[in-house]
Amino acid sequence: MQPEPEAVLEMDAVFPDQETETGPDMKHRPLSAVSAAIFHDGRFLLVRRGRAPAKGLYAFPGGRVEQGESLADAVRREVMEETGATLTGVDHLVDLDIVAEDDTDRVEFVLSVHIAGFAGGDIAPGDDADAVAWLTIDEMARLPLAGSVLEIARQIAEEQASCGS
């Protein structure tokens, strides 16, 4: 089904440098997204996703980068919207290709994972988060998690422990 011409124009206005996929021969550029691994007092702040992708899975808070927004600003905005937390020291950690749930041959998002410090805030689920919680590595291991969340959390916790933080 072809989108209405107005819808294509509207998408082009929002993402002018991105081509939309409308057929098997059309190119697709992944959307830019961010997440934040927030480690505080031996626990990570996670959200249970309320919408696709990864609906029902626990993940670091995050979401899509808006046009003209820096990655660090997107991290701060998304974390505030989903959890109510404010951050300090937002630093890039790794970029991950996230494949489409309906087509594993297509990269849907390039997720820029950041590490950040917790500055404060009233923690509560918001935006597309069904739940929010501070969790230890052991607690995380017993939950349904998105992608490489546990691997990244373990790496951060080990680095923090070796630094004496």
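Side chains are part of it too, since the values below use all heavy atoms of this structure and drop only hydrogens, waters and symmetry mates.
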Is there a side-chain contact between Val132 and Pro61 (heavy atoms, below 4.5 Å)?
no

Salt-bridge contact Glu78-Arg64 (side-chain N to carboxylate O under 4.0 Å)
no

Looking at Arg49 and Asp130, does any basic side-chain N land under 4.0 Å from a carboxylate oxygen?
no

Do Val110 and Ser32 make a side-chain contact, defined as non-hydrogen atoms from C-beta onward lying under 4.5 Å apart?
no

Going by heavy atoms in the side chains, are Arg76 and Val90 under 4.5 Å from each other?
yes

Within the distance-only criterion (no hydrogens, no angle test), does the side chain of Glu82 pair as donor or acceptor with the backbone N or O of Gly62 below 3.5 angstrom?
yes

Indicate yes or no for a side-chain donor-acceptor contact from Glu69 to the backbone of Glu66 under 3.5 Å, with no hydrogens or angles considered.
yes

Heavy-atom closest pair, residues Ala129 and Pro125
O-CB, 3.5 Å

Phe44-Leu150 co-clustered via ILVMFWY side chain contacts under 4.5 Å:
yes

Is any side-chain heavy atom of Leu145 less than 4.5 Å from a side-chain heavy atom of Leu46?
yes

Are Phe39 and Ile115 packed together at the side-chain level, in the sense that at least one heavy-atom pair is separated by less than 4.5 angstrom?
no

What I'd like to find out is whether the side chain of Met140 reaches to under 4.5 Å of the side chain of Arg154, using heavy atoms alone.
no

According to the interplanar angle, ranging from 0 to 90°, do the rings of His40 and Trp134 count as parallel (below 30°), tilted (30 to 60°) or perpendicular (above 60°)?
tilted

Given the rule that I, L, V, M, F, W and Y join up when any side-chain heavy atoms are under 4.5 Å apart, are Leu71 and Met80 in one cluster?
no

Plane angle bin for His114 and His92 - parallel if under 30°, tilted between 30 and 60°, otherwise perpendicular:
perpendicular

We want to know whether Gln155 and Glu159 form a side-chain donor-acceptor pair, criterion being a heavy-atom distance below 3.5 angstrom.
yes

So does Arg106 pair up with Asp97, basic N to acidic O under 4.0 Å?
no

Does some side-chain heavy atom of Leu96 sit less than 4.5 Å from a side-chain heavy atom of Ser35?
no

What's the spacing between Leu87 CG and Ile38 CD1 if we round to 0.5 Å?
4.5 Å

Salt-bridge test for Glu81 and Arg77: reply yes if a basic N is under 4.0 Å from a carboxylate O, no otherwise.
yes

Would you call Leu111 and Phe60 a side-chain contact if the rule is heavy atoms closer than 4.5 Å?
no

Quick one: closest heavy-atom pair of Gly84 and Ile123, and the distance?
C-CD1, 4.4 Å

For Pro144 and Gly56, work out which heavy atoms get closest and say how close.
CG-O, 4.1 Å

From Ile156, Leu93, Val75, Val34, residue fulfilling side chain to side chain contact (heavy atoms under 4.5 Å, CB included) relative to Val113:
Leu93

Candidates Leu45, Asp127, Asp122 - the one meeting side chain to side chain contact (heavy atoms under 4.5 Å, CB included) with Thr83
Leu45

Tell me if a side-chain donor or acceptor on Thr136 pairs with a main-chain N or O of Glu139 at a distance below 3.5 Å.
yes

